[in-house]
Amino acid sequence: MSATAPRTQRPLLGIALIVLMASCFASMDSSIRYLGGFLPVLLILWARYSFQALSMTLWLGWAAFSGRQRQPFRAAHPRFQALRGLLLLFTSAMSFYGVQHMPVAEFTAINMLTPVLVTLLAATVLHEPVSRLRWALVIGGFAGALIVIRPGSGLFGWAVLFPLAGALSYASFQVLTAKLSALESPYTTHFYTGLTGTLVLTPLLAAWPGLDVAASLAAASSGQLVMLALIGLLGTVGHLLLILALGLAPTGTLMPLVYVQIAVAAGIGYLAFDHVPDGYAWLGMGVLSACGAASAWLNVRRAPPSRVCSDTVAD
């Protein structure tokens, strides 16, 4: 479980795990959209992070007990881990609330502007040189988003701010990660991601006006409670699948396949909510996917070998 231990390259298995990861996240977003009609979204968000914190505590405790990893809970950069966790928490909050107001497929597509925003932030904030090809992909990515959103049509309204804010937050997270190049075990990072979210959300949940957690849980059906736990499981397993996949295949091979999540989200949206994106939405999602996948591949090629990639996908 060491972050630097060599692993056998098995690209086909890595690709299969990435597809499973995309299915986990698309299923989680659709479950959040459904469950948000019965339970407070803040409670669902807390359950997702507390499940991850608890499960990773058990995982790392077993790793320490079995001798597979020494001092698994020790973070080399605790402040950096806290800042990473806060950025990821904000990104998740935008996702959890955003899917209540937008179809999951369109939301997922806009949220995946992240790779082109990473390029934009690298040029404007870090003053890194950006090639004409990268600028073309940035422009193409925003064009794809505009096709999906269609400003002035009244199709989604203010709700598009959720995926846009989430994508910008996550792009900031990735730029920060690349700039500082912190070396941590991905499993330790995964634990601190869940812990940070839990520590922030627990007092917020207790103090939120008009929110009675006990009453909300008591009023929920057994099926809704199972779905609440399932959301935490899907989020936690999805990121673990990503970690395992990155150990089996080159990152440049895997990252473009993350966009399979858009197709999976569209399929689940049809089955669960009888929603089919229209022709313009499909066109915009196609442009976004092509530009985003190309940008992700270029970003991975540029990244230093020490870069932490355990949270390349946020949800």
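Counting from 1, the numbers follow the sequence of the chain as shown. Values in this document were obtained by computation on a predicted structure and should not be read as measured data.
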**Study point:** Leu35 vs Val41, side-chain contact (heavy atoms from CB on, under 4.5 Å): CA-CA, chis, key distance, verdict
**Key:** CA-CA 8 Å; Leu35 196 58; Val41 176; over 6 Å; no
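- Residue Phe38 holds its CZ atom at 10.5 Å from CD1 of Ile44, rounded to the nearest 0.5 Å.
- A donor-acceptor contact shorter than 3.5 Å links the side chain of Ser50 to the backbone of Ala47.
- A cation-pi arrangement is absent between Arg48 and Phe51 under the rule of less than 6.0 angstrom and at most 45 degrees off the ring axis.
- Residues Cys291 and Phe142 have side chains not in contact (no heavy-atom distance under 4.5 Å, counting atoms from C-beta outward).
- Considering only heavy atoms from C-beta on, Thr57 comes within 4.5 Å of Phe191 through its side chain.
- Taken to the nearest 0.5 Å, the CD atom of Gln224 stands 6.0 Å off from the OH atom of Tyr34.
- For the atom pair Tyr280 OH and Glu106 CD, the distance stands at 15.0 Å (nearest 0.5 Å).
- The shortest heavy-atom contact between Leu87 and Ser172 is CD1-C, 4.3 Å.
- Tyr192 contributes a side-chain N or O that, together with a main-chain N or O of Phe73, makes up a donor-acceptor pair within less than 3.5 Å.
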May I have the list of side-chain donor-acceptor pairs in residues 212-220 shorter than 3.5 Å, sequence neighbours left out?
unit_1, atom_1, unit_2, atom_2, d
Asp212, OD1, Ala214, N, 3.2
Asp212, OD1, Ala215, N, 3.1
Ser216, OG, Asp212, O, 3.0

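- Remark: Trp59 CH2 to Leu54 CG distance equals 14.0 Å, nearest 0.5 Å.
- Note that OG of Ser31 is 5.5 Å distant from CG of Leu230, once rounded to the nearest 0.5 Å.
- Linking ILVMFWY side-chain heavy atoms closer than 4.5 Å, directly or via other members, places Leu161 and Leu146 in two distinct hydrophobic clusters.
- Linking Ile, Leu, Val, Met, Phe, Trp and Tyr residues whenever their side-chain heavy atoms come within less than 4.5 Å places Leu211 and Ile231 in a single cluster.
- Between the side chains of Thr91 and Ser169, at least one donor N or O lies within less than 3.5 Å of an accepting N or O.
- In this structure the side chain of Leu89 reaches within 4.5 angstrom of the side chain of Leu201, judged on heavy atoms.
- Taking the centre of each ring, Phe162 and His101 come in below the 6.0 Å mark.
- The shortest non-hydrogen separation linking His275 to Pro103 is NE2-CB, 3.3 Å.
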side-chain contact (heavy atoms from CB on, under 4.5 Å) assessment of His190 paired with Thr236: CA-CA 9 Å; His190 202 42; Thr236 303; 4.0 Å; yes
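- Residues satisfying the side chain to side chain donor-acceptor pair (under 3.5 Å) criterion with Arg74, sequence neighbours excluded, are Gln71.
- Residues Met285 and Pro277 have side chains in contact (heavy-atom distance under 4.5 Å, counting atoms from C-beta outward).
- Between Thr196 and Ala82, the shortest heavy-atom distance links the atoms CG2-O, 3.9 Å.
- How far CG of Leu20 is from CG of Leu240: 13.0 Å, rounded to the nearest 0.5 Å.
- For Gln100 (side chain) and Tyr97 (main-chain N/O), no donor-acceptor pair under 3.5 Å exists by modelled atom type.
- Atom CZ of Phe273 has more than 12 neighbouring heavy atoms from other residues, nucleotides or ligands inside a 6.0 Å radius.
- Grouping the Ile, Leu, Val, Met, Phe, Trp and Tyr side chains by contacts below 4.5 angstrom, directly or via other members, places Leu271 with Val276.
- Counting non-hydrogen atoms of neighbouring residues, nucleotides and ligands closer than 6.0 angstrom, the CH2 atom of Trp135 exceeds 12 such neighbours.
- Side-chain atoms of Thr193 and Tyr49 form no donor-acceptor pair, as typed in the model, at a separation below 3.5 Å.
- Judged by distance alone, the side chains of Trp46 and Thr198 never bring a donor and an acceptor atom under 3.5 Å apart.
- Smallest separation of non-hydrogen atoms from Leu45 and Phe96: CA-CE2, 3.6 Å.
- Residues passing the side-chain contact (heavy atoms from CB on, under 4.5 Å) test with Val237 are Cys24, Leu233, Leu241, sequence neighbours excluded.
- Looking at every heavy atom in both residues, Gly144 comes nearest to Leu288 through C-CG, 3.9 Å.
- Closest non-hydrogen pair, Leu113 versus Ala167, comes out as CB-CB, 4.2 Å.
- In the hydrophobic clustering of ILVMFWY residues, with side-chain heavy atoms under 4.5 Å counting as a link, Trp158 and Met102 come out together.
- Hydrophobic cluster membership is shared by Phe90 and Met28, with clusters built from Ile, Leu, Val, Met, Phe, Trp and Tyr side chains linked at under 4.5 angstrom.
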Margin query: Set out, in order, the CA-CA distance, both residues' side-chain angles and the distance that settles side-chain contact (heavy atoms from CB on, under 4.5 Å) for Tyr187 and Leu60, then state yes or no.
Written below: CA-CA 8 Å; Tyr187 297 94; Leu60 293 180; 3.9 Å; yes
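- Distance alone, capped at 3.5 Å, places no donor-acceptor pair between the Gln261 side chain and the Thr108 backbone.
- Using a 4.5 Å heavy-atom cutoff, the side chains of Ile18 and Leu242 are in contact.
- Contact check for Trp208 versus Leu204: side-chain heavy atoms found under the 4.5 Å cut-off.
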